[in-house]
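Report on the structure given below.
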Amino acid sequence: MVCVNPFSEFYTGCETVLKDAINRLYPDFPLPSILLDVPPNLEFGELAASVCFELAKHAKNKPRTIAQELVQAMDVSGFSLIDSVQAAGAGYINFRANSEVFSSLTLKSIKELDATYGYVKTDKPKKILLEHTSVNPVHPIHIGQARNPMLGDAISRILKNRGHEVSRHYYVDDVGRQSAVIAYGYTKLGKPKPEGKPDRFIGEIYTVTSCIMEVKRLNKAVKSSKNLEAQEAAKLHRELDEWVSISAEMEQRFPQLFNKLLAEISKDPDPEEQVGKLIRAYEAGEEAAKQLLREVCELCLKGFRETLCSVEISVDCWDWESDLIWNGDVNRVIEQLKASPYVFEENGVLEFDAEKVADDLDLKKKLGISDDHELTPLTLVRADGTSLYTTRDIAYHLWKFEQAERVVNVIGMEQTLPQLQLKLALSALGHPDYIANLTHFAYSLVRLPGYRMSSRRGRYITLDEVMDGAAQRAYNEVSKRSPHLSDEEKRQISVFVGKGAVKYALVSVDPTKPVVFTWDRVLDFENNSAPYIQYSHARARSILRKASREPKSADYSLLTDSMERELVLMLARFPEIFLDAAENLKPNAIADYVNTLADKFNRFYTKLPVIKAESVGLSDARLALVDATRIVFHNALTLLGIEAPERM
RNA sequence: GGGUCCGUGGCCUAGCCAGGAUAAGGCAUUGGACUUCUAAUCUACAAAAGAAGAAAUCCAAUGAUCCGGGGUUCGAAUCCCCGCGGAUCCGCCA
C-alpha cells in the first residue's frame with residue numbers, strides 16, 4: 001500500500017477516533033478546528049490532544065478525568081496505525097503510532113513514490129505568474145537584493161511541484177532616469193566594448209556618471225543659493241560635501257573611466273537637459289534613443305543572465321517596461337482610470353484617490369488596513385504628461401492577469417504601499433477579485449553592517465563576489481577536510497558546496513526578518529548549513545553503496561529505538577511541511593525541515609549500526625530507512641535548488 | 001507626525017497565523033568519545049599518565065527577564081492594549 005501523506009493518514013485516524021469519542025460523550029461540545037498537535041517529546045507519542053482543558057470548562061470536570069474517560073471510550077481496533085492512546089499529564093491525550101505499520105507504510109511509500117514523495121499535488125492547478133528579481137539594469141545584482149532570486153526560485157520550484165503551471169517573469173525597468181544616465185555616459189565614452197563582466201562595466205559607468213552629474217548639479221545649486229534660507233543652503237553644502245568625497249573615491253577606484261567621463265561631461269553645457277531629452281525620446285519611441293537604451297540595458301542583462309546561470313536560476317520571460325508604453329497599454333490604463341470616479345486633477349497632475357476606492361468598495365478590511373488609516377493618493381501622470389512607475393505597473397498587472405489566474409510578486413518590503421495602491425487601482429478598474437489573487441511576497445533587503453547598500457554611491461557587494469568567495473572558501477574547506485581527493489574532485493565539490501551554502505543562507509531565514517550581511521553568515525560550513533545537509537545526504541548514499549543490496553527481508557517491527565522512530569516520524573511529516581510551504585509560500589519552512597532531518601539522521605547514523613546490525617531483518621529495515629531518508633533529503637533540497645551530491 | 005515590518009541565551013535562528021507538557025537548534029566557550037607516539041635487551045598484551053594529531057560526526061556541560069508594562073485565559077513567546085528600540089515607507093524617483 002502506498003500513501004502520499006503517511007503522517008496525515010495517521011492524523012486522520014486519530015482525529016476520527018477522538019472526534020467519535022467526544023461526540024458520544026459530549027454531543028453539545030463544539031469541536032475546535034485543530035484537534036491534534038505533535039507533542040514536544042516522543043515520550044508523549046506522535047500526536048497529542050489538549051482538548052480536555054476546553055472540555056473541562058464545558059463539562060465542569062477535571063481535565064485529567066475527562067481525558068481518562070475519553071480514552072476509555074475510544075476504540076482503536078479498526079486503526080492499525082494507532083498503537084495506543086493514553087491520558088497523560090494534567091489532561092492530555094497521547095496517541096502512539098504502531099511502529100511496525102507506521103514505519104512500513106512510510107518507508108514503502110517513499111520508496112515507491114521516490115522523486116515525487118512529498119510533492120502533494122493540488123486538486124486545483126492554476127496558472128501562476130511569478131515575478132522575481134527584476135533588479136534594475138543599472139548595476140550588478142548585489143547581495144542586498146540577492147535574497148530575491150533565491151526566494152523567487154524556491155517558490156517557483158515549490159509551486160510547480162505542487163502541480164501549478166508557473167511562469168517566471170523578470171520585469172526590466174528600463175524607463176526612467178537611471179538607464180538614461182548610463183546611456184548618456186556610455187555615449188560620452190564612445191560606446192566602448194565592455195571589459196570583463198558587462199553588468200559590472202555598466203554599474204561603473206552608472207556610478208561615475210551620476211556622481212559627476214550630481215556634483216555639477218549641486219555646485220550650480222550652491223552658486224544660486226545666495227537668496228535661500230541659511231538652513232537650506234547648509235543642507236546643500238552638506239550634500240555637496242558628501243558627493244565630492246564620493247567623487248574622490250570614484251576617481252581613485254576608476255581613474256581612467258572617471259577622468260574621461262569628467263572631461264567629456266564638462267564639455268557639455270547642460271548634462272541634465274541631455275539626460276532629460278533622452279528620457280523623453282525613449283518614451284516617445286524614437287529609433288535612435290530606442291537603440292541606444294536597449295543596447296545599454298541588454299549589456300547589463302547579459303551580465304545578469306550569467307550571474308543567474310551560475311546559481312542555476314532561470315527566467316522564462318523578460319518583460320520590458322518600455323513595451324507597455326510603446327504598445328499603448330499605459331495610455332489605455334490612464335484613460336480607463338480617468339473614466340472612473342477615482343481620479344482627480346490637481347495643479348495639472350493626475351492623481352488616483354486610493355482612499356475613496358477603499359471606502360467605496362469597502363476594501364480596507366480585505367487589505368488588512370485599519371478603518372481610520374487614510375491612504376495617500378497616488379500620482380498617475382506628471383504635469384509634463386509622462387507616466388510614473390506605479391502607473392505603468394498597473395498596466396503591467398492587467399497584462400499579467402491576462403496570462404495567469406494568480407500573480408505572485410517577489411518584491412522588497414519597502415514597496416508595500418505601492419503594491420497596495422496597485423491593488424486598489426486594479427479594483428477601481430473593475431477587478432476587485434484580483435486582490436485575492438495578487439500576492440506581494442515581501443522580504444527585507446539584506447543590509448551591510450551600519451549602512452544600506454547604495455548603487456548611486458557605488459557601495460555594494462555583488463552576488464558574483466559572494467559566489468566567488470563561497471567557492472574559494474569551499475575549496476579551502478574541502479582541501480582541509482579531504483586532502484586525499486584530486487584537485488579536480490575538490491573543485492567539483494567546492495562548486496556545489498559554495499552555491500548551496502549561499503542559497504541556503506539566504507532562503508533559510510524568515511524573509512520578513514531584516515538580515516545583516518556578514519561573510520560568516522553566508523559562508524557557513526558548520527551545522528545548520530547546506531554543506532552539512534549535503535554531507536548528510538552523501539553519507540546516506542555511501543552507506544547504500546557499501547551495503548549494495550536491496551533490503552528485501554526488512555522487518556519494520558524492529559525499528560523501535562527512539563532515534564529510528566523520530567526519523568520515521570520526520571520522514572512521514574515531509575508532505576505536511578511541503579503543503580504548508582506551498583500554501584503559505586514559506587520556502588524557509590523547507591530549509592528548516594531539512595536541517596532538522598539531517599540532525600536526526602546523523603544522530604541515528606552514529607548511534608546505530610546499519611550494515612552490521614544484529615540481524616538481517618533489522619539491517620534491512622535500517623537500510624530501507626536510510627534509503628528513504630536519502631530520498632527525502634534529495635526532494636527537499638531540490639525544492640531549494642540545492643544539489644544533493646553522491647559523495648563529498 | 002502617521003502607516004507597515006522586526007525584537008527569543010553572548011551571537012545567529014525556529015516556534016507566533018490556528019495559545020497547551022521542560023521555550024527547540026546552531027555558533028562561541030568547556031569537557032568527552034577516535035588515532036598515533038612516549039625511557040633504553042627483545043617480543044607480545046593490558047592499563048595509566050603525558051604529548052601530538054584528526055573529524056563537513058556524535059555525546060555532555062554552560063548559558064534566556066522570549067524588548068518592557070498591563071490585559072484576556074485553567075494556561076501566553078504565541079491573542080489584545082500601552083510603551084521602548086531598530087528597519088522601512090509616506091515623491092510630479094524607480
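Letters A, B, ... are given to chains in the order of the sequence lines, protein chains preceding strands, and every chain is numbered from 1.
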Which residue lies toward the 5' end of RNA chain B, A:N528 or A:S370, if each is placed at its nearest nucleotide?
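It is A:S370 whose nearest nucleotide is closer to the 5' end.
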On RNA chain B, compare the nucleotides closest to A:K57 and A:A48; which residue's is nearer the 5' end?
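With A:K57 and A:A48 compared, the 5'-side residue is A:A48.
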Describe the nucleic acid contact of [X] in one word from base, sugar-phosphate, nothing, applying a heavy-atom distance below 4.0 Å.
X	answer
A:Y92	base
A:P531	base
A:K607	nothing
A:N94	base
A:D384	nothing
A:S33	nothing
A:V175	sugar-phosphate
A:E583	nothing
A:E414	sugar-phosphate
A:L388	sugar-phosphate
A:V349	base
A:D520	nothing

Determine, for A:K607 against A:E564, whether the closest basic-nitrogen to carboxylate-oxygen distance falls under 4.0 angstrom.
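Salt bridge absent between A:K607 and A:E564.
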So, are A:E242 and A:K235 salt-bridged, with charged N and O less than 4.0 Å apart?
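Result for this pair is no, no salt bridge flagged.
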Taking pairing as Watson-Crick or G-U wobble with both contacts under 3.5 Å, can you name the mate of [N], or confirm there isn't one?
N	value
B:rU43	none
B:rG1	B:rC90
B:rG63	none
B:rG53	B:rC34
B:rG85	B:rC6
B:rA24	B:rU13

Taking the same atom, [atom1], in [N] and in [M], what whole-Å distance lies between them?
N	M	atom1	answer
B:rC82	B:rG20	C1'	27 Å
B:rA33	B:rU8	P	37 Å
B:rU73	B:rU13	C1'	30 Å
B:rA18	B:rC11	C1'	32 Å
B:rA24	B:rC81	P	29 Å
B:rC5	B:rC27	C1'	26 Å
B:rC34	B:rA54	C1'	8 Å
B:rG7	B:rC16	P	12 Å

Quick one: ring-ring contact (aromatic ring centres under 6.0 Å, His included) partners of A:Y170, sequence neighbours excluded?
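So A:Y170 forms a ring-ring contact (aromatic ring centres under 6.0 Å, His included) with A:W318.
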When the ring centroid of A:Y171 is compared with that of A:Y396, is the distance short of 6.0 Å?
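Yes - the distance between ring centres of A:Y171 and A:Y396 falls below the 6.0 Å cut-off.
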Aromatic contact, A:Y92 with A:F53 (centres under 6.0 Å)
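Aromatic pair counts; centres sit under 6.0 Å.
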What is the 5' to 3' range of RNA chain B, first to last nucleotide, that sits under 4.0 Å from any heavy atom of chain A?
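First and last nucleotides in contact are B:rG3 to B:rA94.
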Ignoring hydrogens and geometry beyond distance, is a side-chain donor-acceptor pair present between A:N409 and A:H132 at under 3.5 Å?
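There is no such pair (donor and acceptor under 3.5 Å, judged by atom type) between the side chains of A:N409 and A:H132.
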Any pair counted as ring-ring contact (aromatic ring centres under 6.0 Å, His included), so long as it reaches residues 586-613 of chain A, sequence neighbours left out
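Non-adjacent pairs meeting ring-ring contact (aromatic ring centres under 6.0 Å, His included): A:F574-A:Y593, A:F601-A:F633.
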Kindly indicate whether a cation-pi arrangement holds for A:R294 with A:W320, taking the cut-offs as under 6.0 Å to the six-membered ring centre and within 45° of the axis.
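Positive - A:R294 is close enough to the ring of A:W320 and near enough to its axis.
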Cation-pi check, A:R573 to A:F7: give yes when NZ or CZ is under 6.0 Å from the six-membered ring centre and within 45° of the ring axis, no otherwise.
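Because its charged atom sits under 6.0 Å from the ring centre and within 45° of the axis, A:R573 does stack over A:F7.
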